[in-house]
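First comes the structure, then the notes that go with it.
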Amino acid sequence: MKNRRAKFAGVFLLGTLAMMAPGARLVLADQSDRAHQVGAKLKCMCGGCDQSAAKCYHVGGQYSGPCDVAKQEIKEIEGHIAKGKSDEQILQAMIAQYGPLAYVEPPKSGFGLVAWLMPILLLLAGAALVIVIMKRWRKRAPATATAAPAAAGVNGGIQVTPELLARARELAKRETED
Amino acid sequence: MDVFGSFALVLAFVCALYAFGGGIAAIITRHPLLIKSARQSGMATCGLIFVSTLSLVYLFVSDNYSVAYVVSHSNRDLSTFFKVAALWSGQEGSLLFWSFLLAIYVFSVLFVYRNKNGELMPYVGVILAGVQLFFLTISNFVASPFKALGVANAGGAFDFVARADGNGLNPVLQYPEMVIHPPNLYSGYTGFTIPFAFALAALLARYPGEKWIHLTRKWTMIAWCFQSMGILLGAHWAYAVLGWGGYWGWDPVENASLLPWLTGTAFLHSVMMQEKRGMMKVWNVWLVFLTFMLCILGTLLTRSGVVSSVHAFAQSNIGNWFVGFLCIVLGVCLGAYFKNRDYLKSENQLDSLVSRESGFLFNNLLFLVACIAVLSGSLFPVFSEWFTGSRISVGAPFFNKVNIPLGLMILFLTGVGPLLAWRKTSLDSLRRNFQLPSIIALLAGIVAFGFGWREAYALICLILCAFVACTIVQEFYRGAKVVRVRTGADWLTACVDLTLRNTRRYGGYIVHFGMVMIFIGLAGQAFNKEVEKEMPVGSTLKVGNYELLLQSMDQKQEKNYVAERMIVEVMKDHKPVMMLYPERRNFPTNQESGTMVAIYSTLREDLYVVYAGINPATSQPTMHAFINPLVKWVWWGGMVVVMGTIVALLPNRAAVVVLSKAEAPADARELGAMRPAQVALREGHD
C-alpha cells in the first residue's frame with residue numbers, strides 16, 4: 001500500500017517537473033550580459049519611468065523601448081566594463097555620477113543600513129519573543145494538567161449526566177475539528 | 001441628475017450623522033425605539049449612497065459633459081462598458097465607489113442581524129456609521145464627484161457650461177480586467193471594516209466570549225477572498241497590459257494592497273487559537289484593528305502622493321483627511337483597549353512546544369514581519385528624506401531579497417502547521433505525517449536540479465511546494481480512505497464527501513494548495529528571459545526555443561483609438577506554431593498610447609511579445625519578447641484559492657453519526673479520556 005502511495009506521488013511529481021525546463025538567462029540583444037546585470041541595479045534616471053536602466057519600458061508612452069537616458073547609462077556601464085572594472089567599482093562610479101538615488105536598493109551603509117537590518121532584527125526579536133511566550137505559557141500548563149486528574153481522584157464516582165457528556169463531546173469536537 | 005445625485009449624497013451624510021449620534025444616544029439610554037431608529041437611519045444611509053452612485057453612473061452613460069468628473073474621465077466614443085467603469089477611474093468617483101461598496105456590506109450586516117445580537121449591534125451600527133461618515137464627509141465637502149463645470153459671469157456668480165465631449169479615459173484603464181480589479185480590491189478593503197466594527201463593538205460593549213469571532217468569520221473570509229482576487233487581478237492586468245513582462249513590481253500601491261492581506265491572513269489563522277483554545281484574545285483584537293488601519297493607510301498612500309507610484313491617477317491633497325481619520329481610529333482603539341482590556345483575559349497555556357499552537361504563533365510572526373518589512377520598505381524613501389535630507393531608492397530587488405526568505409518560511413509552515421496536533425504532537429505522529437512528504441520533496445529537488453534548476457531560492461521553493469502538496473494530498477487520501485471504508489464510494493466521491501463534511505478544514509487545504517501553485521509560478525521568475533530588437537519587416541528574433549518572424553504590420557481605425565499591429569509568426573524548433581498579434585493603441589483624445597501584449601501561454605511557459613513602437617531614432621519597429629516560465633500557475637493557483645475559500649464558506653454537511661448504546665462505566669471512561677489536559681489526539685483525524 002505504502003509503495004503504491006509513493007509511486008503515485010512520484011508520478012505526480014515527475015509529471016509536474018516534466019513541464020518545467022532548464023533555462024539560462026538571455027539578455028537584451030544589444031546589451032552585454034554583465035552590463036545588463038549591473039544595469040538592473042541602477043535606476044533609469046530619465047525621471048519618467050521609475051525603472052532600472054536595463055529594463056526601461058516607459059509604460060503608456062509613445063515608444064516603450066529603452067529611452068536615451070537608459071541607453072546612455074548602459075553605454076557608460078559597458079565603457080566601465082571595457083576598462084576592466086569590477087561590478088562594485090562600476091556601481092560606485094555610476095552612483096558618484098548620478099547621485100545616491102541611482103541605486104535601486106538602499107545603500108548598505110549609513111541610514112540605508114536600517115532598511116536592511118530592520119527586517120532581520122525584527123524577525124530575530126519576534127522569534128525570541130515567541131519562544132519566551134511559549135515557555136511562559138508552557139509553565140502554566142502542568143498546573144491544570146495535574147489539577148484535573150486530582151479532582152477526578154477525589155470525585156472518583158463522578159456522576160455522568162447526559163449534559164456533562166454532551167459538554168465533553170462538544171469540547172473534544174471543538175478541539176479536534178480543524 | 002447631478003443635482004439629484006449630490007442631494008442624495010448630502011442626505012446620506014445627514015442620515016449617517018443621525019445613525020452615529022442617535023446610535024450613541026441609544027447605547028446610553030437603551031431605549032428600544034432609539035436603537036431601531038438609529039439602525040434604520042444606517043440602512044437609509046446605504047440606500048441613499050446607492051442612489052447617489054447610480055446617478056453618477058447615469059451621468060457617465062448619458063454623456064453629461066457639464067459635470068467636471070465626467071468630463072475628465074470619459075468621452076462620447078468610449079464604450080458603455082468602460083463608461084460605467086470610469087466611475088472609479090479617478091479620485092472623486094473612486095471614493096464614492098468606496099462608500100458604495102461599504103454600504104453594501106453595512107446594509108447586509110444591519111439587515112441580517114436586525115433581530116439578533118441585541119447587545120452588540122447598536123455598537124456595531126455606530127462604528128459602521130462612523131466610518132461611513134468619514135467617507136461621506138470627503139465625498140460631500142472635499143472631493144465631490146458632482147461638481148459642475150462653470151465660469152464666473154460679470155456678477156461674480158457661476159454660469160453652468162457643458163462641454164461637447166470629455167477628455168477620455170486613461171488608456172491603460174481601458175481593459176476588461178481594469179473593470180473588475182478595482183471593485184474586487186475595494187471590496188476587500190471595505191470588507192475588513194466589518195470584522196473591525198465587530199471587534200471594536202465587542203470590546204466597547206464588554207461582550208464576553210468568542211461571539212464576535214463566530215459572527216465575523218464569514219465576513220472576514222469574504223473580504224479576504226475579494227482582497228486576494230483583487231491583488232491577483234491587478235497583477236494580471238499589469239502583466240497583460242503594461243508590457244514590462246512581469247506582474248509584480250513592488251510598487252508602493254501594490255504593497256499597500258498587500259499589507260492588509262498579510263495581516264488579514266494572519267488573523268484568519270490566529271482566530272482559530274481563540275476559537276479552539278481561548279488563547280490570544282488581545283492579539284486577535286489588535287490584528288483586526290491593524291488590518292483595518294492598514295486598509296485606510298493603503299488608501300492614504302495611494303491618494304496622497306506621499307510615495308511615487310504608477311497609480312498616480314488619483315492624487316491630491318486629501319491625504320491629511322486620511323491621516324486625521326487614522327489618528328482618530330487609533331485613538332478609539334487604544335482607548336477602548338485600555339478601558340476594557342480586562343475583558344480579554346485569555347486562557348493562554350501551552351502543553352508542548354511542538355503543537356498546532358506554536359505553529360500558529362510562528363505563522364503570525366512571519367506574516368507580521370513580512371507586513372512590517374513591506375510597509376517600512378515602501379515608506380523608507382520618505383523616512384530617509386526626513387532623517388538625512390536625501391531620498392534613496394527602495395526598488396524591487398530590496399523587496400525580493402527581504403521577502404523571498406520570509407515567503408519560503410511561510411510556505412514551509414503551510415505544510416507543517418496543519419498536521420501538527422493541538423496541544424501536543426508526538427514524535428511518532430511527526431514521523432507518520434512528514435516522512436513521505438519529505439522524501440518526495442527531496443526527490444523533487446534532485447530531479448529539478450537535474451533539469452538545470454540552479455537558482456537556490458527557486459530550488460528551495462520547488463522542494464517546499466512538493467512537500468506542502470504532498471502533505472495536502474496525504475490528508476485527503478487518509479480522510480477519503482476512512483470515508484470509503486464507511487460508504488464504499490469511489491475516491492472522488494469520497495473526497496467530495498469528506499470536504500463537504502468539514503468544509504473549513506478541507507477548504508483550507510484547497511486554499512493552501514492554491515498558494516502552492518502560486519509559489520510554483522513565482523519560482524519560475526528566476527528563469528525569465530528577454531530579448532529586445534529593432535525589427536524591419538521580414539526579420540526574425542530568437543528567444544528560447546522560439547523564433548519570431550515579423551511578417552508584416554497593419555493599422556486599423558477603431559472607434560476610440562487607432563490600433564497598430566505586428567503580425568508575427570511563431571516558430572518552435574523551426575516548425576510554425578501559431579500567429580501572434582502584439583498591438584499598440586493610440587488614443588487621439590488624450591494623446592496617449594497603450595500596449596496590447598500578445599501572450600502564448602502554456603503551463604510550462606509564456607511567450608510574451610510586446611510591440612514597443614517605432615524607435616524615433618531609427619524609425620524601425622521594435623519588438624520585445626519574453627519567456628516567462630510557469631506564470632500560468634500563478635493565475636490558476638489564484639482560482640484554486642478562490643474556490644477553496646468558497647468551499648470553506650459553505651456550511652458543513654451534517655455527518656450521520658451512529659451512536660451505539662454504551663454502559664455507564666464506559667461513559668465515565670470516555671469522559672476521563674476527554675479531560676482537556678489528557679486528550680491525546682490522533683493528529684489529522686477527526
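Chain letters run A, B, ... following the sequence lines, proteins first and then strands; every chain starts at 1.
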Contacting region of A:Met118 [heavy-atom separation from chain B under 4.5 Å]: side chain

Contacts with chain B made by residues 84-96 of chain A (heavy-atom distance under 4.5 Å), listed by residue number: none

Which atoms of B:Phe449 approach chain A - backbone, side chain, both or neither, heavy atom under 4.5 Å: neither

field: Inter-residue atom distance B:Ser393.OG - A:Lys41.NZ, 0.5 Å rounding
entry: 15.0 Å

- request: Looking only at non-hydrogen atoms, find the nearest pair between B:Ile392 and A:Pro106 and report the distance.
  value: CD1-CB, 3.9 Å

task: Could you walk me through whether A:Trp137 and B:Met279 pass the side-chain contact (heavy atoms from CB on, under 4.5 Å) test, one step at a time?
output: CA-CA 10 Å; A:Trp137 288 358; B:Met279 298 164 93; 3.4 Å; yes

task: Side chain from CB out, backbone as N, CA, C, O: work out which of these in B:Leu366 comes under 4.5 Å of a heavy atom of chain A, or both, or neither.
output: side chain

message: Using heavy-atom distances under 4.5 Å, tell me whether B:Thr388 contacts chain A through its side chain, its backbone, both, or neither.
response: side chain

message: With side-chain contact (heavy atoms from CB on, under 4.5 Å) as the criterion, how do B:Phe383 and A:Val114 come out once you've worked through the C-alpha distance, each side chain's angles and the decisive distance to 0.1 Å?
response: CA-CA 11 Å; B:Phe383 290 154; A:Val114 178; over 6 Å; no

Nearest-0.5 Å distance that lies between atom CZ in B:Phe362 and atom CD1 in A:Ile131: 4.5 Å

statement: Residues passing the ring-ring contact (aromatic ring centres under 6.0 Å, His included) test with B:Phe387, sequence neighbours excluded, are A:Phe111

- request: Among the options B:Pro629, B:Ala396, B:Ser384, B:Ser376, pick out the one with the most heavy-atom pairs lying under 4.5 Å from chain A.
  value: B:Ser384

query: Taking only residues two or more places apart in sequence or in another chain, which ones pass salt bridge (charged side-chain N to carboxylate O under 4.0 Å, His left out) with A:Glu105?
result: B:Lys401

Option that, when pairs with chain A are counted at under 4.5 Å, heavy atom only, ranks first among B:Thr622, B:Val394, B:Asn615: B:Asn615

- prompt: Using a cut-off of under 4.5 Å for heavy-atom pairs, which of B:Asn403, B:Asn364, B:Val369 has the most such pairs with chain A?
  reply: B:Val369

- line: What one should report as the nearest heavy-atom pair of B:Pro397 and A:Val104 is CG-CG2, 3.6 Å

Contacting moiety of B:Val402, where chain A heavy atoms sit under 4.5 Å: side chain

- line: With chain B, the option among A:Pro107, A:Ala115, A:Ala102 that has the most non-hydrogen atom pairs under 4.5 Å is A:Ala115

field: For A:Trp116, all residues meeting ring-ring contact (aromatic ring centres under 6.0 Å, His included), sequence neighbours excluded
entry: B:Phe398

task: Tell me, for B:Ser358 versus chain A, whether the close heavy atoms (under 4.5 Å) come from the side chain, the backbone, both or neither.
output: both

query: Under a 4.5 Å heavy-atom cut-off, does chain A meet the side chain of B:Leu368, its backbone, both or neither?
result: neither

message: What part of A:Leu129 gets within 4.5 angstrom of chain B, counting heavy atoms only: side chain, backbone, both, or neither?
response: neither

